[in-house]
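Model, not experiment: these values are computed from the prediction.
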Amino acid sequence: MTDASMLPPEEEGSRPSSAPDTPDAGPEDPAAAPFFILYLEGDQYVEALRGLIMWTHHLLLPVYGREVSSTTPWCSRWWEHEEAVAMLHGLWLAWQSHTRPEAGLTGPVSWHRDCLAPTMNVLRDARGPFAGCKPGAHRAKVSPPVDELYPFGAPERIGQ
């Protein structure tokens, strides 16, 4: 499988927009690390999500996607589940790191063991982010209620 759509953006000749354009930045350089998708907004978020969708649809799901059932759900609109976006983005970043030549020969097996399996187990869990979703039937999640509680007292208002 050497299709260019399955290679990380760096190997395709383009860097994700969330990564700085610094040719001297190595894999250990913190400035070279892409920003986590939940920190991005606007066009940066859209561009990062576009890259994540490409990777998910052209590598992750064709290779690692499994049959959908009530006990192993998947949402066809996964990008509308913020938890799934966050988890898949982390998985994608780890994949880019573990499949580079610098990762060594054991990089891919480490990714499978330490990243892929735990992430997919959480995503595909019957109580996970896709609970209630069925093929062709997305169900939006509602955040749990949170009481307005200030354990250290109410915050002071500015200007008082």
Report whether I53 and V63 are members of the same hydrophobic cluster (ILVMFWY, side-chain heavy atoms less than 4.5 Å apart, transitive linking).
yes
Establish whether V46 and Y39 are linked, either directly or via other cluster members, by ILVMFWY side-chain heavy-atom contacts under 4.5 Å.
no
Inter-residue atom distance [X].[atom1] - [Y].[atom2], 0.5 Å rounding:
X	Y	atom1	atom2	result
R50	D43	CZ	CG	12.5 Å
S76	F130	OG	CZ	9.5 Å
H81	M87	NE2	CE	13.0 Å
L116	L60	CG	CG	6.5 Å
S70	K134	OG	NZ	8.0 Å

Walk me through it: do H98 and H112 pass the test ring pair (Phe, Tyr, Trp, His ring centres under 6.0 Å)?
CA-CA 9 Å; H98 284 80; H112 285 95; 9.8 Å; no
Minimum heavy-atom separation for [X] and [Y], please, with both atom names.
X	Y	result
P73	C133	CB-O, 4.1 Å
H89	F35	CE1-O, 3.5 Å
A84	W78	CB-O, 3.9 Å
R124	E67	NH2-O, 3.0 Å
G128	K141	O-CE, 4.5 Å
W111	A94	CD1-C, 3.6 Å

Show, in sequence, the C-alpha distance, side-chain angles and deciding distance for W79 and R77, and conclude whether the side-chain contact (heavy atoms from CB on, under 4.5 Å) test is met.
CA-CA 5 Å; W79 57 88; R77 297 173 65 127; 4.2 Å; yes
Show your reasoning for whether side-chain contact (heavy atoms from CB on, under 4.5 Å) applies to T72 and R66.
CA-CA 8 Å; T72 57; R66 296 185 180 168; over 6 Å; no
Before giving the answer on side-chain contact (heavy atoms from CB on, under 4.5 Å), spell out for L123 and L88 the whole-Å C-alpha distance, their side-chain angles and the decisive distance to 0.1 Å.
CA-CA 9 Å; L123 285 173; L88 289 168; 3.6 Å; yes
In terms of the angle between their ring planes, are W95 and W55 parallel, tilted or perpendicular, with boundaries placed at 30° and 60°?
tilted
So, the side chain of T119 versus the backbone of C115: is there a donor-acceptor pair under 3.5 Å, distance only?
yes
Mark yes when over 12 heavy atoms from residues, nucleotides or ligands other than E82 sit less than 6.0 Å from its CD; otherwise mark no.
no
